[in-house]
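Down below is the structure, laid out as structure tokens.
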Amino acid sequence: MSSPSSLLSTPLVEALQDTDDPPSETPLPEEDVEDINVSEKRANPESETLPAAKRKAKTTKIPSDILQKRREGRARAMASLQNKLNELGIKRTDVENDLVFSSIPTIPLINQKNYYTDYLKKDDQFKMTRKLKNLSSIKEKLTSPDVEAEDEQEGDDDEKSQTIVLHPGSSTIRVGLASDVDPHLVPNLIAYQKKSETSQTFERDPKREVVNGDITVDDPDFTKTGKIITSNFKERMKYYKRRILPNSQDTCYNFNKRQQPEIIPEHNDVHRIDYTNPDAKFIVGEEVLKLKDESNWVIRSPFDSGKFHDLSSFYSSFQEILADVENMLSSIITDILEIDPKKISNYNCVLVIPNLFDKTYVETMCFLLLNSLKIGNISVIQEGISATFGSGISSGCIVDIGAATTKICCVDEGMILPNSQVELSYGGNDITRALVKMLLNNQFPYGDIDLNDLSDWNLANELKEKYSTFQDADIAVQMYGFVSRKANQPSKKYEYKLFEELMIPAMGLFYPDFFKDGSDQRRVLGKKSSAQKEVDVLNSSRVLPKHSDYVSGTYDNPVSKLQQFEQLGKLITLMEDDAVLKTLKNIDDENFQVSDDASDEKLNYTPLDLAIIESITCASFNDKNRMKRLYESVLLVGGSSLFNGLDLILIDRIHIWRSKLLSSNLLDDIVKQYEDEVTPAVQNMLINSTAVPIEILSSSKEVNPSSMIWKGGCVYSRLKIINELWISLDDWDMLGSRCLNQTCLFNY
Ligand SMILES: Nc1ncnc2c1ncn2[C@@H]1O[C@H](COP(=O)(O)OP(=O)(O)OP(=O)(O)O)[C@@H](O)[C@H]1O
């Protein structure tokens, strides 16, 4: 039913209001006109700026005949309103008792000239700062003036040992107390007893064919890139006056083909592994590698490339990933760090996250550590910054070559420089795979090696770590041996000869097409093929929710232009080709379009040397001094930076690239064709960088480069400022991820 008031149409309401106005038949006296002007000015300040003629026009009095017509109109409206009200039986009280139409007061506009607020402008308005002040005042009260300096020192030491530093990696989780010299290395593996008899069968990895006893890995792209690398390898050996015997490869091939394994009796195998059949619901880390019967277990790796593992064929839901992470971390805390779960709230935790972090990952980890694992306080730090803390430098280009990824960024004065971060989609795992493919092509005597088998995977990694090198002097035909150990099988000793396999797989870092691999039958997690990684990128929204901005709803993970400018690398790579001009002209613009959508994650296969040049170029745009500083401190960290001679080859290759780029006269064509941000970056790189010397900081005597980032987390936990950066569960409950905005040394 419509309310009576809704029957009052707008003109009628206006009429009602107008009836109470005093009639103004007689012209207003001069002072009144002046008053009207003043009130009009107040209501409409704009009128002050009107020219005098116009103002006069505005105050002109209304002729009396028009006023008369208006009054008649109002009277008619009133009469018709009265009739309507009579029909409905409503009494018009507002007129009868002289009340105003509305009792809601009109709110005057704020004078914008004097408008002022200090909302969110003072530190005190942030809860985190207030909490800190309270804490320090409590501390002050508790500390009596006669406490000796020695006691203070002891207190500090206690605090140090109460901090856990956690750096989850694709292959290894590095964890330990801040007071430890080295971290515990926990393989990123968790295994559950199978509930049902389901089993998934996988093809042997890499795929191979055996014809007349000869093994070949059928991978045309691998063979094609392999040839390019081999010719470069030979050129390099020639340049450094190293002799290569023409039949080196044949010698190895024929020797390996004749080899038969030697069975080692169990009592003679000093390094035999004690395989177990544990009765636990789940096992973690090294324990997984000692399983007697793997077929009864489901093996997974929850961390991958600085975020959660996201391959939908292994994880069907986000909750499953969370359960794995929680089980794994709680088992690490109790069994490896030997911390009593009841006392865990006395501990703090520094979590090391990637430079281009995934917010879903970071926030979930924070919540998990605080809420599920009940750790007292947490703080987060980026890998790049942590590496500088670990190595004691304040600026540099940090190159972290890990197992699944290679991350590069430039740090200056404790901050990661914008657009200098890049994450390459290859790492040590790809080198291992390439090595195995090469070994098989060279009739590796253990022809059944299968990278889907954990023990074989570890064996391949071991061979790579022991023998791969970039030192030209070490490259010669040599005989090597290894023992293959498997549960329920006798250990077997093999001998084989190697030559170019010592260097070529690792040279894939400079020719990453060598690592592209179409296999989607990869069982061992964290060791995905490029095809699987592609599926991952496509599926990422299915298992892991994508983080988005609360207000705009858009994707809001940190981005770097360099990560998106894959074409910068492509462009430079193209210049290597003589036919580049022709190619450039034929390239349609689509191939060079930068994606506006930052969520459009893709794999990045830019060669390592170029990625370093690009990162430094983007970081030191128009700042020659900064460029010099960065080139003079290229810091190599991560497990795969341990290849002997990597620093030397990297210096060579960066020099070669820079002079090649400068001598190239193709620059003008590129400049003309691509006039967006890519062009100045290339230009700048070419013109400024060639004369700058390069210095690679690779190995440190005190800290192993593979644990440098973890060590940086320990240094961070001892900074004085850390007291201002801890987040507790109370903070998280109240502010959620917003407390990261105020407690990170970087923009969250
Ligand atoms: N001495 C060595 N020489 C060459 N490679 C090595 C050596 N030691 C370890 N590696 C390789 O380093 C890789 C592991 O490095 P690291 O522990 O830094 O990776 P991660 O942090 O687990 O992975 P990611 O950074 O990709 O998440 C493995 O591929 C391993 O084979």
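Just so you know, ligand 1 is whichever comes first in the structure, and atom 1 is the first atom listed for that ligand. Note that the numbering runs from 1 along the sequence shown for the chain. All values below come from the heavy atoms of this structure, side chains included, with hydrogens, waters and symmetry mates left out.
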### Pair Phe444 and Phe482, ring centroids less than 6.0 Å apart
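Yes, close enough.
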### Query
What about Tyr496 and Tyr446, are their ring centers closer than 6.0 Å?
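No; Tyr446 has its ring centre 6.0 Å or more from that of Tyr496.
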### Message
Can you confirm whether the side chains of Asp556 and His547 place a donor and an acceptor under 3.5 Å from each other?
### Response
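Per modelled atom types, Asp556 and His547 side chains form a pair under 3.5 Å.
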#### Entry: Residue list, ring-ring contact (aromatic ring centres under 6.0 Å, His included) with Phe222, at least two apart or on another chain
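Per chain and number, Phe222 pairs via ring-ring contact (aromatic ring centres under 6.0 Å, His included) with Phe514.
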### ring-ring contact (aromatic ring centres under 6.0 Å, His included) against Phe389, all qualifying residues, sequence neighbours excluded
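Applying ring-ring contact (aromatic ring centres under 6.0 Å, His included) to Phe389 gives none.
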### Pocket residues of ligand 1, ordered first by chain and then by residue number (heavy-atom cut-off under 4.0 Å)
Gly169, Ser170, Ser171, Thr172, Arg174, Gly402, Ala403, Ala404, Thr405, Lys407, Gly428, Asn429, Asn461, Lys464, Glu465, Gly638, Gly639, Ser640, Leu642, Phe643
### Query
What residues, two or more places apart in sequence or in another chain, satisfy side chain to side chain contact (heavy atoms under 4.5 Å, CB included) together with Asn644?
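Partners of Asn644 by the side chain to side chain contact (heavy atoms under 4.5 Å, CB included) criterion, ordered by chain and then number, come out as Thr469, Gln471, Asp474.
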